[in-house]
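One structure below.
Start at 1 with the first residue, then count along the sequence. Just so you know, ligand 1 is whichever comes first in the structure, and atom 1 is the first atom listed for that ligand. Note that these values count all heavy atoms, side chains included, but never hydrogens, waters or copies made by symmetry.
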Amino acid sequence: MNTSPLFVQISKDHPRYRSLVVREMMAKRVEEGIVAPTGLIAHGRGEAFDYLLGERTTENARRAEMVAVAMLLDAIRPVISVNGNTAALCSKEVVGLAEATRAKIEVNLFHRTEERVQKVCSFMEDAGAKEVLGRSPDALLPGIASDRARCTREGIYSADVVLVPLEDGDRAEALVKFGKKVIAIDLNPLSRTARAAHVTIVDEVTRAVPNMTTMVPELRRNGDRRLALLNSFDNQLNLEGAMEAMRANLSAPQSEGKE
Ligand code: PTJ
């Protein structure tokens, strides 16, 4: 996570220290024009679902992460689509995953302005990305009315597998209709994105992306394992597993309250 001075000082003893620091960082990124103002609302929704999940990577999510890595490694033209929230939360980690899986990075924004596209692209480059697509879109994804349809021929338009962290539903559905294999990272198992994607990782993006990078070396060596993972995966069952994990967490006796 990129850090810069925060608006307020937060005591490390605070039980929700990490969450508060991330919120402050996100507010800063809004000021800088990386995160869209409504990105804070999306972040809050994510926090709520993560709370239900127990703020941990479940076994269910870990399996989806492995399947997603297998899919990225077997892809011919994998692309990781980056928006403002993803860049703010885990730019370096996304660069690490892209390098490990030889995926391209393309910035694609829901609240698109030329200025924001430039800023998010530069932010990713500052995090170490050698090439970031998206500054000069030259293709339109069919089936989307918004500016989000604008993408690059070299990247999302011709990709076979697209990883979409923290997505809004329209584009995930359009990508699937256009023949892409879609991997979503979304803490809300009920979202349209989660339901439209071929593989949905119900995990917090800052946990999911590094987890995936650590899985690459073993899965790269083992083609049989990749095939077995891909053949045995059912996203509907995966989403039901995520909801079951939330239900179980809600009924578990809590030793201490959270804030
Ligand atoms: O930067 P832009 O302009 O492209 O805009 C990005 C946002 C995120 C604002 C835009 O795509 C949007 O409005 O998304 P939604 O429709 O709010 O969907 C975001 C989804 O991501 C929701 O289902 C959230 O639960 C989920 N989410 C939020 N934070 C996280 C998350 N999932 C994983 N990790 C998170 N940290």
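Of all atoms in ligand 1, listed by their number and element, those nearer than 4.0 Å to a heavy atom of Gly84 are 1 (O). Distances below 4.0 Å separate heavy atoms of Gly46 from the following atoms of ligand 1: 25 (O), 27 (N), 28 (C), 29 (N). With ligand atoms numbered from 1 in the order given, ligand 1 contributes 36 (N) to contacts under 4.0 Å with heavy atoms of Leu89.
Heavy-atom distances between Asp203 and ligand 1 reach below 4.0 Å in at least one pair.
With hydrogens and angles left out, the side-chain atoms of Ser19 and Glu47 include a donor and acceptor closer than 3.5 Å. Side-chain contact, Gln118 with Glu114: no donor N or O sits under 3.5 Å from an acceptor N or O. Between the side chains of Thr200 and Arg195, no donor-acceptor pair of N or O atoms lies under 3.5 Å.
Looking only at heavy atoms of the protein, atom 32 (N) of ligand 1 is closest to Leu187 N, 3.2 Å. Protein heavy atom closest to atom 26 (C) of ligand 1, with residue, atom name and distance, is Asp186 OD1, 3.3 Å. Scanning all protein heavy atoms for the shortest distance to atom 34 (N) of ligand 1 gives Val205 N, 3.0 Å. Atom 35 (C) of ligand 1 has as its closest protein heavy atom Glu204 OE2, 3.6 Å.
Across all non-hydrogen atoms, the minimal contact from Ile156 to Asn108 is CD1-CB, 4.2 Å.
For residues 147-174, the ring pair (Phe, Tyr, Trp, His ring centres under 6.0 Å) pairs, not counting sequence neighbours, are Tyr157-Phe178.
Considering Glu167, Arg116, Glu47, Met26 only, the shortest heavy-atom separation from atom 15 (P) of ligand 1 involves Glu167.
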